[in-house]
A.B. asks: 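My questions will all concern the structure given below.
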Amino acid sequence: MPDDLAIDVKGMTKRFGDLTAVNHVNLQVRTGEICGFLGPNGSGKTTFIRMLCGLLRADAGSGTCLGYDVITESEAIKRKRRLHDAAVQLLRGFEYFRKPGFCCTMYSVKDRCEVVAESLERLGLAERQDQLAGELSGGWKQRLALAACLISPPEAAAFG
């Protein structure tokens with residue numbers, strides 16, 4: 001497996017009884033690349049991401065995510081994800097970007113206030129910037145994560 005791959009999985013499969021939600025998916029994403037999952041509701045996108053994040057165990061397949069084996073090291077992946085999620089829940093939308101230790105400061109974004117304001121406005125988050133991230137609906141949290149992806153380098157967005 002090449003060292004420059006953030007995700008390298010082969011044959012990932014997940015079944016729920018007679019339903020095959022994810023069927024032998026192969027995926028390689030290089031460090032620094034941004035990868036999107038498109039498809040209709042029920043096509044297995046979230047199930048696949050949950051397997052990558054260690055939240056669901058694959059029925060078949062193998063691979064790594066950020067250097068962790070998705071089957072045998074799922075606890076390490078979950079720990080990394082939980083630390084990020086727990087911290088974010090306690091921040092207001094704009095704090096997620098500007099607070100020391102988070103997006104803009106961790107990735108040395110110049111003109112922080114301007115970049116954050118533009119990103120929040122572009123994604124319709126400006127009116128919700130004072131709301132705690134933990135109180136946002138799932139869709140608004142996704143927008144917050146997308147805004148983080150747009151202002152930080154691609155490799156930083158892997159668990160955003």
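As the structure is a computational prediction, the values presented were derived from the model and not from experiment. Residue numbers run from 1 in the order of the sequence given.
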A.B. asks: In chain order, what residues pass the side chain to side chain donor-acceptor pair (under 3.5 Å) check against Glu121, with sequence neighbours excluded?
C.D. replies: none
A.B. asks: Taking atom OG1 of Thr64 and atom CD1 of Ile7, what is their separation to the nearest 0.5 Å?
C.D. replies: 8.5 Å
A.B. asks: Lys10: which residues meet the salt bridge (charged side-chain N to carboxylate O under 4.0 Å, His left out) condition with it, sequence neighbours left out?
C.D. replies: Asp8
A.B. asks: What pairs of donor and acceptor atoms, side-chain ones from residues 46-58 against any protein atom, are under 3.5 angstrom apart with sequence neighbours left out?
C.D. replies:
from  : atom 1 : to    : atom 2 : distance (Å)
Arg57 : NH1    : Ile71 : O      : 3.2

A.B. asks: Which pair of non-hydrogen atoms, one from Asn26 and one from Gly11, has the smallest distance, and what is that distance?
C.D. replies: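 Closest approach of Asn26 to Gly11: OD1-N, 2.7 Å.
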A.B. asks: For Asn23, what residues pass the side chain to side chain donor-acceptor pair (under 3.5 Å) criterion, not counting sequence neighbours?
C.D. replies: none
A.B. asks: List the atom of Val70, the atom of Ser62, and the distance in Å for their closest heavy-atom pair.
C.D. replies: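 Minimum heavy-atom separation between Val70 and Ser62: CG2-C, 4.4 Å.
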A.B. asks: Where the side chain of Lys45 meets the backbone of Pro40, is there a donor-acceptor pair that is under 3.5 Å apart?
C.D. replies: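 Side chain of Lys45 to backbone of Pro40: a pair is present.
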A.B. asks: List for me each residue that meets side chain to side chain contact (heavy atoms under 4.5 Å, CB included) alongside Arg15, sequence neighbours excluded, and say none if there are none.
C.D. replies: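 If we apply the side chain to side chain contact (heavy atoms under 4.5 Å, CB included) test to Arg15, skipping adjacent residues, the hits are Thr13, Thr20, His24, Asp59.
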A.B. asks: Can you run down the salt bridge (Lys or Arg N to Asp or Glu O under 4.0 Å) pairs that involve residues 21-31, sequence neighbours left out, and say none if there aren't any?
C.D. replies: Asp4-Arg30
A.B. asks: Using the side chain to side chain donor-acceptor pair (under 3.5 Å) criterion, which residues pair with Ser137? Sequence neighbours excluded.
C.D. replies: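 For Ser137, no residue satisfies side chain to side chain donor-acceptor pair (under 3.5 Å) once neighbours in sequence are set aside.
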A.B. asks: Report whether Leu19 and Val22 are members of the same hydrophobic cluster (ILVMFWY, side-chain heavy atoms less than 4.5 Å apart, transitive linking).
C.D. replies: no
